[in-house]
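Reviewing the structure listed below.
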Amino acid sequence: MQPVRAIRYVTPLREGGSLPGLMEADDLGTYVVKFRGAGQGPKALVAEVICAGLAAGLDLRVPRWTPVEVPVELAPGEPDEEVQALLRASAGLNLGVDFLPGALDVGPMPAVDAALAGRIVWFDALVGNRDRSWRNPNMLLWHRQLHLIDHGAALTFHHAWGPRGLDDHVARFAAAPYAVADHALVECAPDVPGAAAAARAVDWDALVAEAVAAVPGEWLDEGMGDGEAARAAYRRFLLARLAARTTWEPALVSSVARGAARDARGRRVPERTSAGPPEWLGELRIGPRGSEGEGGS
Ligand SMILES: Nc1ncnc2c1ncn2[C@@H]1O[C@H](COP(=O)(O)OP(=O)(O)O)[C@@H](O)[C@H]1O
Ligand SMILES: [Mg+2]
């Protein structure tokens with residue numbers, strides 16, 4: 001994909017630790033830029049891109065992404081020293097995610113339709129995403145539709161991988177149970193069997209290949225020897241995870257049925273305090289295609 005060039009750093013988006021920044025680019029686009037020089041390094045960007053590609057298989061919405069070239073000349077003009085250091089460490093290709101203006105971060109335990117919740121939970125289990133807890137749902141509501149963001153902490157296997165011991169590492173990731181008790185949607189009665197059935201109709205070989213091929217080569221040099229070996233390893237881990245579905249799916253279905261984590265007194269954590277979106281959005285229940293009344297106004 002042809003990169004765009006960042007021309008102005010607008011503001012940091014202080015939420016998690018990765019310090020994404022809002023930037024304008026020379027295509028007149030405004031992007032949430034996730035920086036290669038941030039704490040997790042380029043692997044977080046690889047996880048974002050691969051997960052965005054795989055989400056499409058389950059009809060889940062993820063904001064469009066584009067590689068963003070950050071020129072080194074932008075750093076000195078930045079008054080905030082932390083941002084200046086981040087820009088300097090990130091000269092080169094970074095991840096630009098389409099900024100969704102006016103999007104609302106969904107709060108803990110939103111009211112999401114069971115079918116959509118099931119697809120999201122199944123997807124998070126596939127990629128081992130730990131960053132969709134009720135504390136930090138990483139979902140945006142935009143034009144009344146749910147968009148998934150922030151997949152940099154998925155695919156954790158790549159933080160400790162290498163050519164040695166690869167078979168064992170693949171086997172462990174493939175069969176690992178997914179800890180769903182803290183998931184932001186666990187109280188929405190997620191229809192995981194329905195999602196699993198829908199996933200069986202997907203050509204995952206093609207989708208995995210496409211998602212991995214989309215990763216810019218510049219982010220792929222670590223751990224596996226070279227970029228092509230890294231791409232092959234990503235495909236291998238993901239296809240093994242898909243092939244091992246019969247190991248982790250039944251456990252996922254039963255954990256979802258048990259519901260949210262409980263505290264020492266047996267109370268659900270968290271107690272549902274707000275039913276989701278603010279009052280001014282009206283009685284919104286987020287439906288199967290991400291909104292109520294798809295195709296309406
Ligand atoms: N594409 C986007 N459009 C609008 N706001 C966004 C977008 N991506 C992220 N944000 C906002 O920035 C915050 C931080 O982004 P996120 O990707 O979750 O990074 P991190 O949690 O690693 O800092 C989000 O909670 C959200 O408020
Ligand atoms: Mg986040």
Side-chain angles (χ1 to χ4, degrees), residues 1 3-4 6 8-25 27-56 60-68 70 80 82-83 85-87 89-90 93-110 112 120-121 123-124 127-156 158-159 182-185 214-215 219 274 276-278 281 286 290-291:
M1 204 182 294
V4 300
R8 188 167 84 93
Y9 183 90
V10 183
T11 187
L13 292 167
R14 290 179 194 275
E15 179 71 23
S18 76
L19 214 67
L22 199 63
M23 297 194 87
E24 290 168 352
D27 66 340
L28 304 184
T30 303
Y31 296 91
V32 174
V33 177
K34 307 208 94 175
F35 295 104
R36 62 184 299 162
Q40 298 285 320
K43 281 179 174 163
L45 312 189
V46 176
E48 294 270 13
V49 165
I50 293 180
C51 289
L54 298 180
L60 297 171
R61 290 170 203 270
V62 174
R64 200 180 62 101
W65 68 273
T66 308
V68 174
V70 173
D80 181 319
E82 194 183 1
V83 172
L86 187 61
L87 289 178
S90 304
L93 268 203
N94 297 272
L95 176 70
V97 178
D98 257 0
F99 175 61
L100 310 183
L104 190 78
D105 273 285
V106 309
M109 302 286 174
V112 174
I120 295 172
V121 165
F123 166 74
D124 285 333
V127 298
N129 183 19
R130 297 171 186 178
D131 248 357
R132 190 115 46 223
S133 72
W134 56 268
R135 291 176 200 88
N136 188 14
N138 283 312
M139 294 184 282
L140 299 179
L141 203 49
W142 190 58
H143 289 293
R144 293 181 175 252
Q145 292 182 326
L146 201 63
H147 291 72
L148 307 181
I149 57 163
D150 199 3
H151 301 111
L155 312 184
T156 42
H158 60 179
H159 293 294
D182 274 355
H183 197 282
L185 302 180
V215 177
W219 302 340
S274 80
L281 257 177
I286 302 163
S291 82

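Keep in mind the model is a prediction, meaning the values are calculated, not measured. Atoms within a ligand are numbered from 1 in the order they appear, just like the ligands themselves.
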Taking a cutoff of less than 4.0 Å between a non-hydrogen atom of the residue and any ligand atom, is His147 in contact with ligand 1? no

Practice problem: Take every heavy atom of Gly152, measure it against each atom of ligand 1, and state whether any distance is under 4.0 Å. | Solution: no

With heavy atoms and a 4.0 Å threshold, my read on which part of Asp98 contacts ligand 1 is backbone

For Gly107 and Pro137 the tightest heavy-atom approach is O-CG, 3.6 Å

| Does Asn138 put an N, O or S atom under 2.8 Å from the Mg ion (ligand 2)? | yes

query: Side chain of Trp219, backbone of Arg36: donor and acceptor closer than 3.5 Å?
result: no

| message | For Arg132, is there any backbone N or O sitting under 3.5 Å from a side-chain donor or acceptor partner on Asn138? | response | no

Within 4.0 Å of some non-hydrogen atom of Val97, the atoms of ligand 1 are 1 (N)

The atoms of ligand 1 lying under 4.0 Å from a heavy atom of Lys34, numbered in the order shown, are 16 (P), 17 (O), 19 (O), 22 (O)

When you compare the side chain of Leu22 with that of Val32, does any pair of heavy atoms fall below 4.5 Å?
yes

For the Mg ion (ligand 2), the nearest N/O/S atom on Asp150 is atom OD2

The residue among Ile149, Leu148, Asp150, Val112 that forms side-chain contact (heavy atoms from CB on, under 4.5 Å) with Met139 is Leu148

Within 4.0 Å of some non-hydrogen atom of Leu13, the atoms of ligand 1 are 12 (O)

*Should Ala103 be counted as touching ligand 1, given the test is an N or O pair under 3.5 Å?*
no

* Any salt bridge between Asp182 and Arg130, counting N to O under 4.0 Å? -> no

Ligand 1 N/O within reach of Glu48 N/O, cut-off under 3.5 Å
no

Any side-chain heavy atom of His158 sitting closer than 4.5 Å to one from Ile50?
no

Numbered in order shown, the ligand 1 atoms found under 4.0 Å of a heavy atom of Pro20 are 15 (O), 19 (O), 23 (O)

Short version for Leu100: what comes under 4.0 Å of ligand 1, heavy atoms counted, is both

Aromatic ring pairing His151/Phe123, orientation class (parallel under 30°, perpendicular over 60°, tilted between): perpendicular

The atoms of ligand 1 lying under 4.0 Å from a heavy atom of Asn138, numbered in the order shown, are 18 (O)

Does Trp142 reach the main-chain N or O of Gly102 with its side chain, forming a donor-acceptor pair under 3.5 Å?
-> no

